[in-house]
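Notes for the one structure printed next.
Just so it is clear: chains get the letters A, B, ... in the order the sequence lines come, proteins before strands, and each one is counted from 1. Keep in mind that the numbers below use all heavy atoms, side chains included, and drop hydrogens, waters and symmetry copies.
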2 protein chains.
Amino acid sequence: MATIPDDEEMVFEQPCPIRDVLDRIGDQWSLLILETLAPGTLRFNALMREIGDISKQMLSRTLKQLEQDGFITRTLYPEVPPRVEYTLTPLGRSFLEPMQQLVAWADTHHRTIVAARARYQALQEQT
Amino acid sequence: MATIPDDEEMVFEQPCPIRDVLDRIGDQWSLLILETLAPGTLRFNALMREIGDISKQMLSRTLKQLEQDGFITRTLYPEVPPRVEYTLTPLGRSFLEPMQQLVAWADTHHRTIVAARARYQALQEQT
DNA sequence: TTCAATGGTCACGTTGTCGTGACCATGTCA
DNA sequence: TGACATGGTCACGACAACGTGACCATTGAA
């Protein structure tokens, strides 16, 4: 405990839990990674292969964030070459439940949205 | 089996409905606007007052996107000064149902996430 | 000796998101 | 005449997200 932090800055907390959550899983890869891990534990390169078009950089960054927020655990086995396993925590697993509802909604209504966009665009071009 | 669709081309269209949906409502304001409209129709400036810290620019942009995707309707009354009303469509209303589940999850587990972040940060600083 | 495999990190540049402030048209009120 | 209210648009800049490619340490195999 070397220094005392400036607690005055802490006054500004998180005004909205859902915003905090959306900021994390609203990005490009988080949800995809969580769903890829749903069937079971995977190693780093296995995740890369499963997802296919993600770069090392983004996978590494996103996994770190998910671990930080407690959605997954990272286990390093100090073998050679190293083995690292990523697993959903109970928190991550519980998150996927409401999320699946949203995924189902998206599957059901996606056509409607695409149609709405087409109709809107057609109207704009009528100028 | 009259026509076989071009499955190869379909791959590049919408790879994932949920991604398409998250790209829209994962932004800063969309969800907040939808929830603000949930109790009923509001005018542009009324929305600004309700939300409080949104700029004209962002409100205008986000409303346009939501209208484009069919979540809300925009009705212009050519009076003076002009009156514009924004209302949730059935699609927008149906979207809020699974979304409320996610909001509830966020409310319930937000503390856990914040705690996980604090624990992670504490471990990092132990270096 | 050099290569491959694992699981990353770092520097860099590009793109996208977001906010600020200026500006616009119109008719009414003072 | 000028200000005000409504519902915007536009140009600009700051900042974050994202992707690319280079690099790193280790050890066993060729």
*Would you call the rings of Tyr86(B) and Phe44(B) parallel, tilted or perpendicular if under 30° counts as parallel and over 60° as perpendicular?*
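Ring orientation, 0 to 90° scale: tilted.
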
_Under 4.0 Å protein heavy-atom contact, by nucleotide of nucleotides 5-22 of chain C - B base, S sugar-phosphate only_ = -BBBSBB------BBB--

*Hey, mind stepping through Leu37(B) and Leu47(B) against side chain to side chain contact (heavy atoms under 4.5 Å, CB included) and telling me if it holds?*
CA-CA 8 Å; Leu37(B) 284 176; Leu47(B) 268 169; 4.1 Å; yes

*Locate the shortest heavy-atom distance separating His109(A) from Ser94(B); write the atom from each residue and the value.*
NE2-OG, 3.8 Å

*Search all heavy atoms of Ile72(A) against all heavy atoms of Thr89(A) and return the closest pair with its distance.*
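Closest approach of Ile72(A) to Thr89(A), heavy atoms only: C-CG2, 3.6 Å.
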
*asked:* Applying side chain to side chain contact (heavy atoms under 4.5 Å, CB included) to Arg61(A) and Lys64(A), what does each step give before you reach the verdict?
replied: CA-CA 5 Å; Arg61(A) 282 181 191 170; Lys64(A) 203 175 289 180; 5.9 Å; no

